[in-house]
Amino acid sequence: DAKRSGRHTWKCYSAEMHATAMARLTVLTRLSGSNLDNELALAWQTQHAGADGATIGAEALLRWPSAPGDLGSNDRLIPLLEETGAIVQIGQWVLREACRQQRLVLDTIGHGCRLSVNVSAQQLVHTDLVADVRQALAETGASASALELELTESAFMHEPERAIRTLHELRAMGVSIALDDFGTGYSNLTYLSRLPLDKIKIDRHFTCTLLQDDVDTSICRSIIFLARSLNLEAVAEGVETDRQRSWLLDAGCSAMQGYFFSRPVPVEEVRHVRRVPPAAPTDQSSVLWEPL
Ligand code: C2E
Ligand code: MG
Ligand code: MG
Ligand code: MG
């Protein structure tokens, strides 16, 4: 196809390259230095108990409201921030801002909740994450035991031993650790048992094809089983329907996050998140999932 359209394709390609270079430049100029407070914001997506819809936590998600072009989407923005290295500084901003808003969110959804922050693998490599967390907590007065960090498997690829040490230090401070997007990365199962984790988040990909795709349904069931075997909590991401909710609950995954419960919202709208009652009682789960 590219060959057939010949010179025309080259022009498009070069225009695209130019657009990418411009996007990179925009990111580097607008998202650097002291203007992050003016550019960036957080959205909060609540997490719920699948059984009764009770709010059990919330995740902070990066937003760039005045982003140029298609960089308003994290699927485009985050990879660019990773590529340019800007994610390190922006990650520090996210951490501090989430800690700053912690009190307000907990006042709204309950003080027993945990609030999670996504951390890039680069933050483990290029900054002292423990020092950053300490500083964010000290500056904002936020509580370590209400803070959770979400990391992906990529965080353990570069310097696994160092990453593991860092996580041990964070947990000693009372911070909890969730493994995000589980099942999509280079899941190394022997490794998994060595990582100091509290939670595994089942990637949205598996949840969204639940009950449609047999393989994904089996994978989902296996991840839940694996989490239980390792004494970790499983949290399903991307729960959009009541059928998914009740399947997950029956399969032994009680913690959930997704549009079925709430979309990510600005901090002042968190109080409007409704508590979703279950459509029908599901009593099987407790029978099927007695402690192993
Ligand atoms: P994630 O951490 O797995 O976050 C969940 C993503 O799924 C969010 O997308 C959320 O809006 C979306 N989502 C939640 N429920 C549903 C649902 O029911 N259906 C569908 N279709 N989507 C749902 P978002 O906000 O665009 O973020 C995408 C990714 O960007 C995040 O995935 C995370 O990997 C990354 N990210 C977001 N904020 C940060 C951050 O502050 N730092 C870093 N390093 N990464 C971040
Ligand atoms: Mg996450
Ligand atoms: Mg995820
Ligand atoms: Mg994701």
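None of these values were measured; they are calculated from a predicted model. In each ligand, atom 1 is the first atom listed, and ligand 1 is the first ligand listed.
Neither the backbone nor the side chain of Val117 comes within contact range of ligand 1; no heavy atom lies under 4.0 Å. When heavy-atom distances to ligand 1 are checked against a 4.0 Å cut-off, Arg263 has no atom that comes that close, whether in backbone or side chain. The proximity of Ile87 to ligand 1, defined as any non-hydrogen pair under 4.0 Å, is limited to the side chain. Of the heavy atoms in Asp203, none comes closer than 4.0 Å to ligand 1. At a heavy-atom cutoff of 4.0 Å, ligand 1 is contacted by the side chain of Arg63 but not by its backbone. Contacts between Ile78 and ligand 1, counted as non-hydrogen atom pairs separated by less than 4.0 Å, involve the side chain only.
Within the structure, the closest approach of Glu59 to ligand 1 falls below 4.0 Å when heavy atoms are considered. Ligand 1 has Gly238 within reach: a non-hydrogen atom of the residue lies less than 4.0 Å from it.
The shortest N/O to N/O separation between Arg204 and ligand 1 falls below 3.5 Å. Taking any N or O of Asp180, backbone or side chain, at least one lies under 3.5 Å from an N or O belonging to ligand 1. Taking only nitrogen or oxygen atoms, main chain and side chain alike, Glu82 does not reach within less than 3.5 Å of ligand 1.
Note on Asp203: not counted as a metal contact of the Mg ion (ligand 3), no N/O/S atom lying under 2.8 Å. At least one N, O or S atom of Glu150, from either the backbone or the side chain, sits less than 2.8 Å from the Mg ion (ligand 2). Look at Ser116 and the Mg ion (ligand 2): no N/O/S atom of the residue is under 2.8 Å from the metal. Distances from the Mg ion (ligand 3) show that Asp181 has an N/O/S atom below 2.8 Å.
Under the 3.5 Å distance criterion, the side-chain polar atoms of Asp128 are matched with a main-chain donor or acceptor of Ala131.
Near Glu240, meaning under 4.0 Å from any of its heavy atoms, are these atoms of ligand 1: 17 (C), 18 (O), 19 (N), 20 (C), 21 (N). Those atoms of ligand 1 with a heavy atom of Val239 less than 4.0 angstrom away are 18 (O). For ligand 1, the atoms closer than 4.0 angstrom to any heavy atom of Glu237 are 3 (O). Against a heavy-atom cut-off of under 4.0 Å, Ser120 is close to the following atoms of ligand 1: 44 (N). For ligand 1, the atoms sitting less than 4.0 Å from at least one non-hydrogen atom of Gln45 are 14 (C), 15 (N), numbered in the order shown with element in parentheses. Atoms of ligand 1 lying under 4.0 Å from any heavy atom of Pro264, numbered from 1 in the order shown and given with element: 11 (O). Within ligand 1, the atoms closer than 4.0 Å to a non-hydrogen atom of Gly258 are 15 (N), 18 (O), numbered from 1 in the order shown. Close approach to Val94 involves these atoms of ligand 1, each under 4.0 Å from a residue heavy atom: 41 (O).
The closest approach of Glu237 to the Mg ion (ligand 3), by N/O/S atoms, is made by OE2. When the N, O or S atoms of Asp180 are ranked by distance to the Mg ion (ligand 2), OD2 comes first. Per residue Glu59, closest N, O or S atom to the Mg ion (ligand 2): atom name OE2.
Taking CD of Gln244 as the reference point, atom OG1 of Thr209 lies at 8.5 Å (rounded to 0.5 Å).
Between Arg114 and Ser145, the side chains place no donor N or O within less than 3.5 Å of an acceptor N or O (distance only, hydrogens not considered). Glu148 and Ser176 are linked by a side-chain donor-acceptor pair at a separation below 3.5 angstrom, with hydrogens and angles left out of the test. No hydrogens or angles considered: nothing links the side chains of Trp44 and Glu269 as a donor-acceptor pair under 3.5 Å. Donor-acceptor pairing under 3.5 Å is recorded for the side chains of Gln47 and Gln257. The closest side-chain donor-acceptor pair between Asp107 and His111 falls under 3.5 angstrom.
A continuous path of Ile, Leu, Val, Met, Phe, Trp and Tyr side chains, each step under 4.5 Å between heavy atoms, connects Leu137 with Leu104, placing both in one hydrophobic cluster. Hydrophobic clustering of Ile, Leu, Val, Met, Phe, Trp and Tyr side chains at less than 4.5 Å, counting indirect connections, keeps Leu25 apart from Leu80.
Inter-residue side-chain proximity for Trp247 and Cys220 is flagged as met; some heavy-atom pair is nearer than 4.5 Å. Looking only at side-chain heavy atoms (C-beta outward), Ile90 and Leu31 come within less than 4.5 Å of each other.
Listed by chain and number, the residues in a side-chain hydrogen bond (donor to acceptor under 3.5 Å, both in side chains) with Ser193 amount to none (sequence neighbours excluded). For Glu233, the salt bridge (Lys or Arg N to Asp or Glu O under 4.0 Å) criterion is met by no residue, not counting sequence neighbours.
Comparing heavy-atom distances from atom 43 (C) of ligand 1 across Asn118, Leu62, Leu61 singles out Asn118 as nearest.
Using a cutoff of 4.0 Å between basic side-chain nitrogens and carboxylate oxygens, Arg171 and Asp198 are scored as salt-bridged. Taking the charged nitrogens against the carboxylate oxygens, Arg134 and Glu139 have no contact shorter than 4.0 Å, which rules out a salt bridge.
Arg263 forms a cation-pi arrangement with Tyr259, by the criterion of a distance under 6.0 Å to the ring centre and an angle within 45° of the ring axis.
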